[in-house]
Amino acid sequence: MLKTLSDLVPNVFLAMLLAAAAIMAFATVNALFLVWLERKVSARMQRRYGPTVVGPFGMFQTLVDVVKLLSKQLISPKDIDKPLYHLAPIVVFVPVVLGLSLFPIDKSFALVDTNVGLVLVFAFAGMGFIAIFMAGWGSNNKYALLGAMRAVAQNIAYEIPLILAALAVTMIARSMRIADIVEAQGSFPYILVQPIGALIYYISAVAETNRAPFDIPEAESELVAGFHTEYSGMRFALFFLAEYTNMVIVSMVATSLFLGGYKGPLLPGPVWFFGKVYFLIFVMLWLRWTFPRLRFDQLMTFAWKVLIPLALANLLVTATVLKVMS
Amino acid sequence: MTSDLHKPGAALAAGTSADPWATPPADPDGETYYLNMGPQHPSMHGVLRLLLELRGEEIVKCEPIIGYAHRAHEKMAENRNYMMFLPNTSRVDYLSGMIYNIAYCQAVEKMLAIEVPERAEHIRVIVCELNRVSSHLLWFGTFLLDLGGITPFLYSFDDREQILSILDRVTGSRLTYCYGRFGGVTEDVDKKFLDETTAFLARLRGRMAEYHALVTDNVIFRSRCEGVGVIDRETAIEYGVTGPTLRAAGVPYDVRRAEPYGIYDRFEFDIPTASGADNLARYYVRVAEMEQSMRIIEQAIAKIPDGPIMPEKALKRFKPDVGEHYFAVESARGQFGIYIVSDGSDVPFRIKLRTPSFSNLACMPDVLRGTMVADTIAILGSIDIVLPEVDR
Amino acid sequence: MALNGAGKGPELKEAAQPALIKKAQGAPGTLSEREEAQLMAEAEPFVRFHLLEDLLNAARANSLWPLTFGLACCAIEMMAAGAAKYDLDRFGAGVFRPSARQADVMIFAGTISRKMGPVIKALWDQMPSPKWAIAMGGCTIDGGPFKYPNQYAIYEGADKLVPVDVYIPGCPPRPEALINGILELQNKIKAGRRFKPSTHEGPIPIAKAERTNAPTGRKVKG
Amino acid sequence: MSADTSLVAPGAEKKRGYLALLVAGFFTLLSGMWVTLKNLFRKPVTLRYPRERPELSTAFRSAIDLVDFEELGSHDCVACMQCVNICPSFCIQVEGQKYDGVKRKRATKFLVDYALCSVCGLCIDVCPTETLKYSKIYDEVSFERDAFVFDLLEPFVEREEAFLEGQRIADAKEAEEKKKKAEAAKKAKAAVAAKKKADGGEEAEKAEKPKAEKPKAAKPKAEAPKAEAPKAEAPRADEPKAEAEAEAPKAEADAPKAEADAPKADEPKAGKVDKAAVEAKPAEPKPKAAFAKPDSDAKAASLARIEAAKKRALEKKKQAEQQAEGEGE
C-alpha cells in the first residue's frame with residue numbers, strides 16, 4: 001500500500017513543512033551534484049579533468065560557485081520591467097520544485113499522491129516557460145527577448161508530442177496516477193511496449209528542459225546567454241537551479257512511465273528509481289556534449305513534421321491495438 | 001522606409017559616435033529592429049561588430065563594422081626598417097602566423113633577389129603547411145563551437161596542441177612565430193622534429209575518422225550547413241573572395257598552384273574544390289585541404305636535403321633599390337599579398353597587406369540578407385575570419 | 001564590503017587613504033609608524049566577521065568565471081588554456097560566461113584598440129562586483145610590441161581603462177602563464193582586500209625564473 | 001586521397017525517402033555518441049600545470065638573458081647597441097663604459113622590458129659577441145605593472161671587478177702581439193704596394209684595396225683557437241667585426257652620411273640619443289625618436305625622398321672612393 005507523507009505525519013502543517021524542506025534540500029543538493037557531474041562528465045569526454053581543486057574530485061566546486069553567486073552584487077539594469085524581471089527567477093523555480101513531490105520513489109512511499117499526478121507534473125513543468133518569457137521580456141535586452149520568444153515557441157511545440165507520448169502510456173495503464181502507472185508495468189517496463197513513444201517522450205523532454213541540442217533559448221554562440229543575459233548573482237543561480245531540477249523531473253516522469261519506476265530485482269526501490277533517473281540524466285549530458293545545436297526553424301520543423309505526426313500515429317496504433325485486444 | 005538610417009553609412013556613423021553602443025533608431029513602422037552583434041559576442045571571432053536589421057529572426061540588412069582590432073600594422077611598417085617589421089607579420093593573422101612571416105621574408109627576398117638555400121626552402125614548406133593544418137583545425141573547432149558543438153572544439157585543440165609543440169621545437173613560440181629571416185630560417189630542424197611530424201600526420205589521419213563520425217556525418221551538422229550561406233561563384237569573384245571560400249564555389253584557384261612561389265611547384269597535391277558554395281562545401285574543402293597539406297609535408301620530409309639554412313652572407317642591413325614589388329602566397333584563409341614600395345632607404349615607404357579575411361568579410365551583407373540569426377553565426381564561422389587581419 | 005562600520009567608517013577611511021597612498025608612492029614620510037598603524041586600524045571595518053569573510057573570499061577565489069572576451073592573438077592562448085591540454089576548469093575558472101553580468105574576471109587577451117576602449121569600459125561596468133581584471137600579454141600591460149612613438153591606434157595598457165589585478169607578460173604568454181596568473185589572483189583574493197603599500201622597487205633580476213647556463217640551442221662560443 | 005579522410009562531396013548523395021532519412025540520421029547521431037563515449041574512458045591529456053611543469057623546447061623563446069661564458073667568467077656584452085637599434089619593440093636599454101686598460105667597452109646597464117618584447121629574436125641574431133640568449137621564463141606574473149623590467153647585469157655585478165682585472169692583463173698581452181703583427185703586416189704591405197706600383201697603374205691599386213683589408217680582419221679570428229691561454233682571447237676574435245658593425249646602425253635613414261666617419265671608439269650616435277632619453281625617464285625605455293617618417297599623402301614628397309636617396313647613394317660612393325684613396329696613400 002502506497003503511503004504518503006500525510007499518512008506518516010498526522011499534522012497537516014507539519015507535513016507541509018517537512019515536504020517543503022525535503023524538496024528544497026533535494027532540489028539544491030541535486031542541482032549541486034548535477035552541475036558537478038556535468039562538469040566532470042563533459043571534462044572526461046573532452047579528455048581533461050574538470051574541477052579538481054575544491055574538495056575530493058572537485059566535489060564542492062559547485063557549492064563554492066553558489067556561495068560566490070550569493071555574494072555577488074545584484075544588478076538591475078536600466079529600464080527593466082521591474083515586477084516581471086524580479087519575479088521571473090522565483091516563478092521559474094517554484095513550480096519546478098513542486099513537481100518533484102509527486103513521484104513514488106518506492107513501492108510504499110511518495111510525498112504526495114493524487115490521481116491526477118501526471119497532469120499536475122505537466123502543468124507545473126509548463127509554467128517554466130512563462131517564467132522564461134517573463135525574464136526575457138522584463139530584461140529590456142534584445143537577446144533576452146529573442147531567447148524568450150524562442151522559448152515560448154519551442155515549449156508550445158514540444159509539449160504536444162510530450163503529452164501525446166505520455167497519453168499512450170496512460171491509455172495502457174488506464175490511470176493518470178503515477179503510482180498506478182508504475183504498478184501497471186508488471187514484469188516488463190513500458191519502453192518495450194512503447195519504444196517509439198519512449199523515444200518521442202525523451203526527445204521532447206530534452207527540448208522541454210532547453211538542453212542541447214535544443215538549447216536555442218539560451219544558445220550561447222548566438223544569443224549571448226539568451227533569456228538570462230541580464231541576470232546576475234543569485235537570480236542567475238535560480239535559473240540554473242531550475243534547469244537542473246527540471247532535468248530531474250522529466251527524467252523522473254520518463255522513469256515512471258517507461259522504465260518501471262522503482263521496480264527492479266534485488267536492490268531496494270529508491271536505488272532503482274534514482275539509478276534510472278540519473279542514467280537518463282547522464283544521457284542528457286551525453287547528448288549535450290556531443291551534438292551541435294539545431295537551428296530554430298529546424299527545431300520547429302522537427303517538432304511539427306516529425307515528432308507530432310509520429311506521436312499521433314503512435315497513439316492511434318496504441319488505441320487500435322488496445323481496442324482489438326480488449 | 002524613409003528614415004535616414006537606410007542611407008548608406010548611417011550605421012557606420014552610429015558606430016563611431018561617442019556612445020559605443022549607439023544604434024540607429026528603430027524602424028517607425030515597427031516592422032524591423034536593430035540588433036548589435038558584437039564587438040563582445042561569443043562567436044564574433046574577436047571583435048567584429050555586426051549591426052543587424054531584423055524582422056523577427058530574419059535578417060533584413062547586415063552591416064559589418066570593423067576597426068575594433070586596428071593596430072596600425074601597415075603604419076608601423078613605415079616607421080621601422082625591413083627587418084624590424086618581421087614580428088608584426090605573424091600578428092596580422094595569428095592563426096597562420098608562420099605563413100605570413102615566411103611570406104614577408106619571401107617578398108623581401110624577391111625584392112632583393114636573394115637565393116634561399118634548399119634546406120631552408122623545404123623547412124619553410126613543412127612549417128607553413130603544419131601551420132595551415134593547425135589553422136584549419138582551430139577553424140574546425142571554433143566553427144563547431146559556433147554551431148553549438150563544444151566537444152569537437154576540444155578534440156581539435158588537442159590535435160592542434162601537437163602541432164604547436166612540434167613547431168615549438170624549432171621556432172620557440174607557440175603562436176606568433178618569428179621564424180623566417182631574409183634568406184632562410186632561424187633554427188635548423190633535427191631528426192626528431194621530422195619524426196614527430198611524421199608521427200603526427202599518422203595520428204591526425206587516424207583522428208579524422210573520429211571527426212567524421214562525430215561531425216561530418218552528423219545529421220544536425222549537415223542540416224545546419226547544407227544550403228546555408230551560399231557564396232556563389234559570381235559573388236565570390238566580384239568581392240575578391242579567395243581561399244577555401246572561393247574554392248568551395250567551384251573555382252580551383254590556389255596561389256600555390258596558380259603562381260607557384262618558393263618550391264611549391266615541386267610537390268604533388270590536389271586543389272580540393274566543391275560545387276555547393278555553402279557552409280558544407282567550405283567545410284569539405286578545408287578538411288580536404290588538411291589532407292593535401294599532409295601530403296605536401298610528407299613529400300617535403302622525404303626530399304629535404306642537407307645543407308645550410310641561411311645564405312653564406314647573412315643580410316644585416318640593406319637598402320633596396322627604388323621600386324615596387326608585389327608578392328602573394330596562399331594563407332590558410334586565402335590569398336595574402338604583400339605590396340612593398342621602396343624609396344631606396346632602409347625603411348619601407350609603404351607596405352600594403354592584402355589580407356584575405358577583409359575581402360571574404362566584405363561579401364557578408366550580400367550573403368546574410370534573408371538568413372536567420374543562427375545562420376549568421378554559422379556563415380561567419382564557416383568563412384573563417386581573423387579580425388586583426390581585417391583591421392590590420 | 002557592506003560590513004564597514006556604519007558610523008565612523010567612511011569619513012575616517014577617506015581621510016586615511018590619501019596619506020597612505022602618498023606614503024606608498026614613496027613620498028617623504030608624512031606619518032610616523034604609530035600614526036600609520038592607528039590610521040590603518042581605523043580604516044578597517046567597524047565589525048569584522050573574519051570567518052565569514054575568509055569563507056567568502058575562498059569561494060570567490062575558487063570560482064572565477066571569466067568573460068568570453070578575446071581581443072587578438074592572446075585570445076587563442078586563452079582558448080588553449082581552457083582546452084584539454086591545460087584545462088582551466090580544474091581551478092573552477094573554466095566556466096566562460098558570454099554575458100558580462102555573470103562573469104567575475106575579465107581577461108584582457110589582446111591589444112586594446114582605441115575604438116574598443118569605450119566598449120571595454122561598458123563591459124567592465126556591466127560586471128557585478130566583486131570583479132577582477134587580468135591583463136594578459138604585453139599589449140595589455142603597456143602596449144607591448146605595438147607601442148611606438150605616435151602610435152594612434154591602441155590604448156597602451158588595460159590599466160588606462162580599468163583597474164588591473166594581475167599582469168601576465170609575454171607575446172603571447174603561454175597558457176601556463178595564464179593559469180599561474182589565475183592562481184596568483186586566487187591568492188590575492190584569499191588574502192583579502194586589505195590596503196597594502198606597494199612593495200615593488202625598480203627593475204628586478206630575472207632571478208625568479210631559474211637562470212641556467214644550459215645550452216640554449218644556439219652555439220655557445222668557447 | 002586515402003580512405004580515412006574521404007568525404008562525400010556535397011550534393012553527391014542520393015536522394016532518399018523521408019523515413020529512410022530519419023532513420024539514417026538517427027544512426028549518425030548514435031555514431032557521434034559512440035565517439036564521445038569512447039573518449040569518456042580514455043585518459044585525459046591534461047598537463048596538470050602547477051604540479052607538472054612543461055618541458056620547454058631547446059629553441060624556447062622568452063625574455064632575453066646574458067650568456068655566462070665560462071672562459072670569461074662573465075658575460076661578454078660590449079654595449080655595441082646593435083640589439084638596441086634592431087629591437088622592433090624598443091624594449092632594450094643598454095649603457096656602456098670604457099675602463100682603463102681594457103680595450104673594449106663594457107655594459108654598465110642592461111635592462112629588458114619583457115612586457116614590450118615580442119620575442120622575435122632579432123637582437124640575438126645581431127649580437128656580435130653572441131652573449132644574448134633566451135631565458136627560460138614562461139610563467140612569470142605580477143601584481144605590478146612595471147615588474148617585468150629585468151636587470152640582466154644583476155648577477156654579474158659581483159664578478160665585474162675580477163673580470164676587468166683579468167681582461168686588463170689579457171688585453172695588454174694581446175696589444176703587444178698585435179703591435180708586432182701590425183709592424184710585420186705593414187712591412188709586407190709596403191713591399192706589395194711598391195711592387196704593384198711598379199707593375200701596374202692606379203687602377204690596380206684601387207682594386208687591391210679591399211682585398212688588402214680582408215686578411216687583416218680575418219687574422220685574429222684565425223688565431224683564436226691557437227691562443228687559448230689568455231682568458232679573453234676567444235671573444236676578442238670577433239672584435240674587428242663588432243666594431244665594423246657598430247658603425248652600421250649609425251647610418252640612420254635621414255642622418256647625414258658624414259657621420260659614418262665618426263671616431264670609432266665612441267659609442268654610436270643612436271645610442272647617445274637613447275642614453276639621454278633614458279636619463280630623463282629611467283623607468284620607461286624611451287624609444288629612439290629619429291624615425292624616418294614618410295609623408296604618406298604627397299606624391300611629391302615621395303619623389304623628393306627618392307631623389308634625396310639617390311643623392312645620398314652617390315655621395316656615399318664618392319666618399320668610399322675618397323676614403324679608399326686616402327688610406328691607399
Side-chain angles (χ1 to χ4, degrees), chain B residues 15-16 18-21 38-47 49 65-73 75-76 79-80 87-88 90-91 93-95 97 138 141-142 145 153-158 160-162 164-165 168-170 172-176 178 186-188 386-388 391-392, chain C residues 67-77 79-87 89 96-100 103 106 109-124 126 137-139 143-154 170-176 216-218:
Chain B
T16 49
D19 176 7
W21 306 105
Q40 186 266 330
H41 186 283
S43 30
M44 278 300 128
H45 293 253
V47 283
R49 176 177 163 204
I65 299 172
I66 60 172
Y68 290 97
H70 178 57
R71 307 195 270 193
H73 279 293
K75 192 74 193 162
M76 280 172 83
N79 280 294
R80 50 199 62 209
N88 274 65
S90 59
R91 283 161 182 84
D93 173 0
Y94 40 78
L95 295 185
L138 188 130
T142 48
L145 204 60
F153 165 76
L154 282 111
Y155 292 166
S156 75
F157 252 71
D158 184 17
R160 188 172 165 272
E161 284 290 338
Q162 306 280 326
L164 294 193
S165 68
D168 193 10
R169 258 190 79 74
V170 291
S173 316
R174 278 168 51 88
L175 191 67
T176 48
C178 193
T186 52
E187 296 272 344
D188 201 354
V386 168
L387 256 292
D391 295 335
R392 299 194 290 282
Chain C
L67 181 64
T68 316
F69 177 53
L71 286 163
C73 329
C74 290
I76 305 297
E77 288 297 68
M79 280 155 75
K85 175 87 179 282
Y86 297 100
D87 192 15
D89 206 20
F96 281 87
R97 293 308 308 174
S99 165
M106 196 181 210
T111 322
I112 303 165
S113 68
R114 292 264 161 184
K115 197 171 180 180
M116 198 63 195
V119 180
I120 285 172
K121 259 199 104 67
L123 279 172
W124 176 253
Q126 280 173 8
C139 297
F146 297 99
K147 180 173 171 175
Y148 71 93
N150 306 328
Q151 166 64 288
Y152 62 89
I154 64 163
C171 192
R174 285 175 72 93
E176 288 100 346
T216 50
R218 293 172 62 82

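By convention in this document, chain letters (A, B, ...) are assigned in the order of the sequence lines, proteins followed by strands, and residues within each chain are numbered from 1. Atom set for the values below is all heavy atoms of this structure, side chains included, hydrogens, waters and symmetry mates excluded.
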Exercise. Given side-chain contact (heavy atoms from CB on, under 4.5 Å), test B/K75 with C/Y148 step by step and report yes or no.
Key: CA-CA 11 Å; B/K75 192 74 193 162; C/Y148 71 93; 3.5 Å; yes

Where does [X] contact chain B at under 4.5 Å (heavy atoms): side chain, backbone, both or neither?
X      : answer
C/L71  : both
C/I112 : neither
C/A83  : both
C/Y86  : side chain

[X] side chain to [Y] main-chain N or O, any donor-acceptor pair under 3.5 Å?
X      : Y      : answer
B/E161 : C/A80  : no
B/T176 : C/C171 : yes
B/R91  : C/P145 : no
C/S113 : B/Y68  : yes

Next on the checklist: Quick check for you: among B/R160, B/R174, B/H41, which has the greatest number of heavy-atom pairs under 4.5 Å with chain C?
Outcome noted: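 Between B/R160, B/R174, B/H41, the count favours B/R174.
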
[X] side, atom [atom1]; [Y] side, atom [atom2] - distance, nearest 0.5 Å:
X      : Y      : atom1 : atom2 : result
C/R174 : B/S173 : CZ    : OG    : 9.5 Å
C/K115 : B/R49  : NZ    : CZ    : 7.5 Å
B/Q40  : C/F69  : CD    : CZ    : 6.5 Å
B/L95  : C/I76  : CG    : CD1   : 4.5 Å
B/F157 : C/M79  : CZ    : CE    : 4.0 Å
B/L154 : C/D87  : CG    : CG    : 8.5 Å

Top contributor to chain B interface from C/P98, C/A153, C/C73, C/A75 [non-hydrogen pairs under 4.5 Å] |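 Between C/P98, C/A153, C/C73, C/A75, the count favours C/C73.
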
Just so I understand: if I count every heavy-atom pair under 4.5 Å between each of C/I154, C/T111, C/T68 and chain B, which residue has the most?
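Result: the option with the highest number of such pairs is C/T111.
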
- Item | Non-hydrogen atoms of B/V47 and C/G70 that approach each other most closely |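 Taking B/V47 first and C/G70 second, the nearest heavy atoms are CG1-O, 3.8 Å.
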
Considering all heavy atoms of both residues, which atom of B/R71 and which atom of C/Q151 are nearest to each other, and what is their separation?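 Closest approach of B/R71 to C/Q151, heavy atoms only: O-NE2, 3.6 Å.
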
Practice prompt. Could you walk me through whether C/K85 and B/D158 pass the side-chain contact (heavy atoms from CB on, under 4.5 Å) test, one step at a time?
Written response: CA-CA 7 Å; C/K85 175 87 179 282; B/D158 184 17; 5.7 Å; no

For [X], is it the side chain, the backbone, both, or neither that has a heavy atom closer than 4.5 Å to a heavy atom of chain C?
X      : result
B/D391 : neither
B/H73  : side chain
B/Y155 : neither
B/L387 : neither
B/T142 : side chain
B/P388 : side chain

Check whether any side-chain heavy atom of B/H70 sits under 4.5 Å from a side-chain heavy atom of C/Y152, and report yes or no.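 Answer yes - side chains close enough.
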
